[in-house]
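Below is one structure, written out as structure tokens, with a few remarks after it.
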Amino acid sequence: MLHQIKGLHHVTSLASGAAQNNDFFTGTLGLRRVKKTVNFDAPDVYHLYYGDETGAPGSVMTYFPFPGAMRGRAGAGEVATTAFAVPRGSLPAWTERLSGHGVTGLQRGTRFGDDVLAFSGPDGDGFALVETEDARMPWTGNGVSEDIAIRGFHSAAIRLRGTGPSAELLRFMGYEEIERDGDVTRFAIADGNGADIIDLESVPGAPWAGQGAGSVHHIAFAVETRARQLEVREALLDTGYQVTPVIDRDYFWSVYFRTPGGVLFEIATNEPGFDRDEDTAHLGEALKLPSQHAHLRERLEHVLEPIGD
Ligand code: ZN
């Protein structure tokens, strides 16, 4: 069993519009945009990152907004819900805030004994706020007060036709099964960064998910260093997973592999972080391009949709 993984690093999804996406995560949810860059594999499309003050691993929701992209179709073989941690007692205020911003799909409930508010993102993205104890410092720069502000990810829920092989993979990655609630099995990692929980939801016979706007593209797990990442990569290769070579994503180093349930997993390093090319005080303000696309700046500044500060 591995011991290098420290919880979630980031979750990356698809969107249909950059400005709408930016307004939702900064204006409605109150997260900080910590990086404005492009998809390194398709530089005509933004890669937008939202999180806490520094974009700490375990807080970072990222998006590829493809203008006018068709919506995805919910189903099996995907991350169905991305959940954020909020303080106890804050859900009434969040319900009011989200309905005031026209957010749809609001639904209060209880999961594993915690109060939960489910809601939809601008493209039908499956989100939830979970009331919990969480010592992480929130970003409060966008007008959401500290007593309700998002602390980072609480968990991600993966929906699968059969959970056995993915449960086995999570155990190998260092997760432990801690609880069951109906069709959902909860796994947690010890000594994590706060974003410590993965839920596996069994939906036998459900149609396969179709990826599109509002769908999660991949989910990334945190390792502290490049050395730890190489250890994890070797161990996954030894277990029979097809893992990519290490790829430089400028703000972290990545390897990717497809899991038995069809979900794309990434292992991402905590180093070097989002302040490698911008001061913490100004994270996310300027359009940052990786060196391989720097020569495209003039064209990209023209074709990329303008977004708010
Ligand atoms: Zn990623």
Side-chain angles (χ1 to χ4, degrees), residues 4-15 18 21 25 31-43 45-52 54-66 69 72 77-84 121 125 127 152-153 155-158 169-170 173 192-193 195 198 209 211-226 228-230 232-233 236 241-259 261-274 276-277 283-284 288-290 292-293:
Q4 295 91 340
I5 292 169
K6 300 297 176 190
L8 292 172
H9 186 285
H10 62 272
V11 176
T12 295
S13 293
L14 307 176
N21 183 258
F25 283 93
L31 298 180
R32 184 181 200 192
R33 191 176 73 222
V34 293
K35 197 60 64 181
K36 178 165 75 166
T37 183
V38 294
N39 182 331
F40 289 11
D41 304 318
V45 173
Y46 278 119
H47 195 176
L48 301 175
Y49 293 77
Y50 311 99
D52 67 6
T54 60
S59 79
V60 184
M61 187 76 214
T62 99
Y63 272 88
F64 300 131
F66 288 88
E78 67 172 353
V79 175
T81 310
T82 304
F84 300 97
D125 324 50
F127 288 125
F153 292 124
S155 56
I158 301 175
L169 170 62
L170 287 177
M173 290 168 63
N193 58 22
I198 299 289
Q211 203 161 69
S215 302
V216 172
H217 182 267
H218 65 266
I219 180 171
F221 296 85
V223 289
E224 280 158 3
T225 62
R226 295 189 68 192
R228 298 287 90 78
Q229 180 180 54
L230 289 177
V232 171
R233 181 173 185 273
L236 288 166
Y241 284 98
Q242 304 282 322
V243 188
T244 67
V246 177
I247 301 170
D248 183 359
R249 295 304 187 192
D250 273 17
Y251 311 105
F252 44 88
W253 297 81
S254 300
V255 300
Y256 304 84
F257 63 105
R258 186 72 62 180
T259 63
V263 178
L264 185 62
F265 276 15
E266 173 184 349
I267 308 293
T269 59
N270 291 357
E271 55 185 8
F274 294 101
R276 78 173 280 276
D277 60 357
L283 284 183
K288 291 296 183 185
L289 297 176
Q292 66 270 33
H293 298 317

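We count ligands from 1, going down the list as the structure has it; atoms in each ligand are counted the same way. Please read all numbers here as calculations on a predicted model, not as lab measurements.
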Legend entry - Donor-acceptor contact present, side-chain Lys6 to main-chain Glu224, <3.5 Å: no
Inset, instruction - Would you check if the side chain of Arg233 reaches a backbone N or O of Thr244 as a donor-acceptor pair within less than 3.5 Å? - result: yes
Legend entry - Aromatic ring proximity, centroids under 6.0 angstrom, His47 and Phe64: yes
Legend entry - For the Zn ion (ligand 1), the closest N/O/S atom belonging to Glu266: OE1
Legend entry - Heteroatom test (N, O or S) for His217 near the Zn ion (ligand 1), limit 2.8 Å: no
Inset, instruction - Indicate if the distance from the Zn ion (ligand 1) to the nearest N, O or S atom of His10 falls below 2.8 Å. - result: yes
Inset, instruction - Return yes if a side-chain donor-acceptor contact under 3.5 Å exists between Ser254 and Glu266, otherwise no. - result: yes
